[in-house]
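First up is the structure itself, then whatever we jot down about it.
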Amino acid sequence: MRIGAHLREDAEPLETAEELGVDVFQMFVTDPQSWKKPEPHPQAQQIRESPVDVVVHSSYQINVASLNNRLRMPSRKAVEQQAAAAAELGAFGLVVHGGHLRDGEDAAQGFANWRKLFDRQEDNGGFGVPILIENTAGGDHAMARTLEAIDRLWDAVGDFEQAGFCLDTCHAWAGGEDLVGLVERVRAITGRIDLVHLNNSRDEFDSGRDRHANLESGHIDPDVLVEVARIADAPLILETPADGIPADLSYLRAQL
């Protein structure tokens, strides 16, 4: 089982990964709050050749489901560019949030826009890496908050080889999904879990708030998180507060 952490804006991720003793790490390839095109990473060759696996998280403003052309079009371009940058690092995937619509908009069009993302890129030879769609925490018009929404999303994209799934435990909890048995319920829909973001939550169940906590200090029973990690049988990334990541890693290794 590969266990690691998101290294945020670390300039030398391999050194930090070695210090933490992780098997896998997650990183950004550009400012996560901007539309900037990724620049070549100075350690790209070392990252590609390292025995430590890497996965890339896309920038936060991406929303390929949007019905607004001014958001959807740059979102598609950003996914294409960041997937190419992830491939240069030898990453096994690019994590992209499910996105959302605005009040009154037709959800069917949002799911159709997700399909168009893969359709259009397939015509251009596909993405550099699989696109790992992540469930999200809040929003009444989110594309991947509930299992019902994920089911509809997977009806739209599940037949594409490069469509994968990332399960975030804090997001599921905040979105009102019981974590007990969740892995099985997700797999019944998607047939796969490619990555787990193993996070506790600072807020109560079904809060809609995306605020992560360290494994032993949130509202989710740590034993439930460990069971999700065990059953999912996928790489585990901690996106917990940075100061507590060493303790989280120690706890998780001891439990697993």
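A pairwise comparison of heavy atoms in Leu7 and Ala17 identifies CD1-N, 4.2 Å as the closest pair. The minimum heavy-atom distance linking Pro38 with Ala85 is given by the pair CB-CB, 3.7 Å. Contact between Leu153 and Ala144 at its shortest, heavy atoms only, is CD2-CB, 4.3 Å. Minimum heavy-atom separation, Ala172 to Leu182: CB-CD2, 3.6 Å. Scanning both residues, Ala242 and Arg8, for their nearest heavy atoms gives CB-NH1, 4.1 Å.
In the hydrophobic cluster analysis, where Ile, Leu, Val, Met, Phe, Trp and Tyr join through side-chain heavy atoms closer than 4.5 angstrom, Val180 is grouped together with Ile231. Phe160 and Ile131 fall within the same hydrophobic cluster, where Ile, Leu, Val, Met, Phe, Trp and Tyr residues are linked whenever their side-chain heavy atoms come under 4.5 Å apart, directly or through other members. One hydrophobic cluster holds both Val157 and Ile62 under the rule that ILVMFWY side chains link at heavy-atom gaps under 4.5 Å. Leu101 and Trp114 fall within the same hydrophobic cluster, defined by Ile, Leu, Val, Met, Phe, Trp and Tyr side-chain heavy atoms under 4.5 Å apart, directly or through other members. Taken together through direct or relayed side-chain contacts under 4.5 Å among Ile, Leu, Val, Met, Phe, Trp and Tyr, Met143 and Leu195 form parts of separate hydrophobic clusters.
Judged purely by atom type and a 3.5 angstrom limit, Ser201 has no side-chain atom pairing as donor or acceptor with the backbone of Cys170. At least one donor-acceptor pair closer than 3.5 Å links the side chain of Asn200 to the backbone N or O of Ile220. The backbone N or O of Glu204 lies less than 3.5 Å from a partner atom in the side chain of Ser207, making a donor-acceptor pair. Here the side chain of Ser217 pairs no donor or acceptor atom with the backbone of Ala213 at under 3.5 angstrom. Thr136 places no side-chain N or O within 3.5 Å of a backbone atom of Gly138 that could act as its donor or acceptor partner. In this structure a side-chain-to-backbone donor-acceptor pair under 3.5 Å is missing from Trp154 to Ala149. A donor-acceptor pair under 3.5 Å links the side-chain atoms of Thr30 to the main chain of Lys36, judged by distance alone. Remark: the backbone N or O of Pro246 is paired with a side-chain donor or acceptor of Ser250 at under 3.5 angstrom.
Proximity of Leu20 to Leu249: side-chain heavy atoms (C-beta onward) are separated by under 4.5 Å at one or more points. Counting heavy atoms from C-beta on, the side chains of Arg76 and Val79 never come closer than 4.5 Å. Taking the side chain as every heavy atom from C-beta outward, Val96 and Leu132 never approach each other to under 4.5 Å. Contact annotation: the side chain of His41 approaches that of Leu89 to within less than 4.5 Å [non-hydrogen atoms, C-beta and beyond]. In this structure, Val24 and Phe92 have side chains that are in contact, with non-hydrogen atoms separated by less than 4.5 Å. Side-chain contact between Asn113 and Val64: absent, with no pair of heavy atoms (C-beta onward) separated by less than 4.5 Å. Counting only heavy atoms from C-beta outward, the side chains of Val56 and Val95 never approach each other to under 4.5 Å. Residues Arg102 and Asn68 meet the side-chain proximity criterion, which asks for heavy atoms closer than 4.5 Å.
With respect to Asn199, the side-chain hydrogen bond (donor to acceptor under 3.5 Å, both in side chains) criterion is satisfied by exactly one of Asp210, Asp168, Thr169, Asn214: Asp168. Partner of His197 under the side-chain contact (heavy atoms from CB on, under 4.5 Å) criterion, chosen from Asn135, Ile237, Thr240, Leu236: Ile237. Only one option out of Leu198, Leu256, Leu215, Asp221 pairs with Val226 in a side-chain contact (heavy atoms from CB on, under 4.5 Å); it is Leu256. Between Phe25 and the choices Thr16, Leu238, Ile47, the side-chain contact (heavy atoms from CB on, under 4.5 Å) rule is met once, by Ile47.
Distance check: Gln45 CD to Glu88 CD gives 11.0 Å after rounding to the nearest 0.5 Å. One finds the CZ atom of Arg209 at 10.5 Å from the CZ atom of Arg202 (value rounded to the nearest 0.5 Å). The CZ atom of Arg211 sits 8.5 Å away from atom NE2 of His219, with the distance rounded to the nearest 0.5 Å. Put simply, CZ on Arg145 and CD1 on Ile150 are 11.5 Å apart, with the number rounded to the nearest 0.5 Å. Separation of atoms CD (Gln26) and SG (Cys166) is listed at 7.0 Å; rounding is to 0.5 Å. Leu179 CG to Asp223 CG: the interatomic distance, rounded to the nearest 0.5 Å, is 12.5 Å.
Between Phe118 and Phe127, the ring planes are perpendicular. Angles over 60° get that label, and only those under 30° would be called parallel. Ring geometry for Phe28 against Tyr60 counts as perpendicular: the plane angle is over 60°, on a 0 to 90° scale with 30° as the lower cut.
Residues meeting the side chain to side chain donor-acceptor pair (under 3.5 Å) test with Arg72, sequence neighbours left out: Asn69. Annotation: side-chain contact (heavy atoms from CB on, under 4.5 Å) contacts of Asp159 (sequence neighbours excluded): Arg115. Under the side chain to side chain donor-acceptor pair (under 3.5 Å) criterion, Asp53 pairs with Arg2, not counting sequence neighbours. With sequence neighbours excluded, the residues that form a side-chain contact (heavy atoms from CB on, under 4.5 Å) with Asp103 are His141.
The aromatic ring centres of His57 and His97 sit less than 6.0 Å apart.
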Starting from the C-alpha separation in whole Å, work towards a yes-or-no answer on side chain to side chain donor-acceptor pair (under 3.5 Å) for His171 and Glu134. CA-CA 9 Å; His171 294 179; Glu134 180 179 359; 3.3 Å; yes

Take Glu227 and Val224 through the test side-chain contact (heavy atoms from CB on, under 4.5 Å) and record every step on the way to the result. CA-CA 5 Å; Glu227 191 63 13; Val224 172; 5.6 Å; no

Please test Ser59 against Gln82 for side chain to side chain donor-acceptor pair (under 3.5 Å), starting from the C-alpha separation and ending with a verdict. CA-CA 9 Å; Ser59 48; Gln82 292 177 37; 2.9 Å; yes

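Listed by first then second residue, pairs satisfying ring pair (Phe, Tyr, Trp, His ring centres under 6.0 Å) with a partner in residues 172-193 read Trp173-Phe205, not counting sequence neighbours. Residue pairs that meet the salt bridge (Lys or Arg N to Asp or Glu O under 4.0 Å) test with at least one member in residues 176-190, sequence neighbours left out, do not exist here.
Between the side chains of Gln109 and Glu105, not a single donor N or O lies within less than 3.5 Å of an accepting N or O.
Salt bridge status for Arg253 with Asp248: absent, with no side-chain N to carboxylate O gap under 4.0 Å.
More than 12 non-hydrogen atoms from other residues, nucleotides or ligands lie less than 6.0 angstrom from CD of Gln255. Counting heavy-atom neighbours within 6.0 Å of Gln46 CD, excluding the residue itself, gives a total above 12.
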